[in-house]
Amino acid sequence: MPLAIFDLDGTLVDQEGAAREWARRFVQTWSLAPDACDLISAALAERRPKDEVFAGIVRRYALPVPAEDVWADYRGQMPGLVRCSDEDRAALIDLRSAGWSIGIVTNGMVDSQAGKIRATGLSELVDGWVVSSEIGVRKPEPEIFHELARRLDVALDGWMIGDSLDMDVAGGRRVGLRTAWITTDSAPSSGPAPTFAAPTVADAVQLILA
Ligand SMILES: [Mg+2]
């Protein structure tokens, strides 16, 4: 049975939109300056450890609260804020009907990542998932992909679909998967080459099934 592995944030769910909404609420709660929403949203979109990001936010606005508490609040709220598009949902259903096994491999904390998978109903559309904090290994390390194949009891043979060249495309290539890079960027990239690029999961699945 062929295997399709999806990234979560920025691939199956609109992480940036959800993070922006969290930032909007946070700015309101603490009555921060109007430009704080943009600055915090930008910080949350940076690809660096979240503990550093939240420590930076607390320091910048001199908030009388531990950074861990702000990070925990963010993780608690994100499952309720992310969305998965109807088109992408339909694509997962098509893929499954065509006999594919479907998994999610995501870097992050298990409370927030598994929370998002369940709250969006993606848990019903996939066969399983691995969150990096559960096993202490992050993409692009091969072990996280092998762990998913073990959990699904399938061969690690198929596709990796994700929005990060460094994590998803590079990681997928390292374990011999074909790769679809989810991007709306038309500029050619200098990173690892994906098998193809597509703007959405639904588009990528259509190409894979063709
Ligand atoms: Mg991603």
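Computed from a prediction, not measured in an experiment: that's the story for all the values here. Excluded from the calculations below are hydrogen atoms, water molecules and symmetry mates; all remaining heavy atoms, backbone and side chain alike, are included.
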Pair Leu63-Leu32, side-chain contact (heavy atoms from CB on, under 4.5 Å): steps then yes or no: CA-CA 10 Å; Leu63 300 175; Leu32 302 180; 4.2 Å; yes
Test side-chain contact (heavy atoms from CB on, under 4.5 Å) applied to Trp159 and Thr179, Ile5, Leu177, Thr195, the passing residue: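 The passing option is Thr195.
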Passing candidate, side-chain contact (heavy atoms from CB on, under 4.5 Å) with Met78, options Lys116, Gln113, Met109: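 With Met78 as partner, Lys116, Gln113, Met109 yield a single side-chain contact (heavy atoms from CB on, under 4.5 Å), made by Lys116.
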Inter-residue atom distance [X].[atom1] - [Y].[atom2], 0.5 Å rounding:
X	Y	atom1	atom2	value
Ile57	Tyr74	CD1	OH	9.0 Å
Ser41	Glu21	OG	CD	9.5 Å
Ser133	Asp111	OG	CG	7.5 Å
Trp30	Ile40	CH2	CD1	11.5 Å
Leu125	Thr120	CG	OG1	8.0 Å
Asp163	Leu8	CG	CG	10.0 Å

Do side-chain atoms of [X] reach the backbone of [Y] as a donor and acceptor pair under 3.5 angstrom?
X	Y	result
Asp168	Ile161	no
Glu52	Pro49	no
Asn107	Lys139	yes

Looking at [X] and [Y], what are the two nearest heavy atoms and their distance?
X	Y	result
Asp7	Met160	N-CE, 3.6 Å
Pro140	Ala170	CB-C, 4.5 Å
Leu165	Pro194	CD2-CD, 4.4 Å

Please check if [X] and [Y] belong to a single hydrophobic cluster, counting links between Ile, Leu, Val, Met, Phe, Trp and Tyr side chain heavy atoms closer than 4.5 Å.
X	Y	answer
Leu3	Leu122	no
Val205	Trp129	yes
Ile182	Ile104	yes
Phe196	Trp181	no
Leu152	Phe6	no

For the [atom1] atom on [X], are there more than 12 heavy atoms of other groups (residues, nucleotides or ligands in this structure) within a distance under 6.0 Å?
X	atom1	result
Arg150	CZ	yes
Glu16	CD	no
Asp153	CG	no
Arg173	CZ	no

Min side-chain heavy-atom separation Tyr61-Leu39 under 4.5 Å: yes
Trp71 vs Val53 side-chain heavy atoms within contact, under 4.5 Å: no
Parallel, tilted or perpendicular, as decided by the 30° and 60° cut-offs, for the rings of Phe54 and Trp22: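 Geometry flag for Phe54 against Trp22: perpendicular rings.
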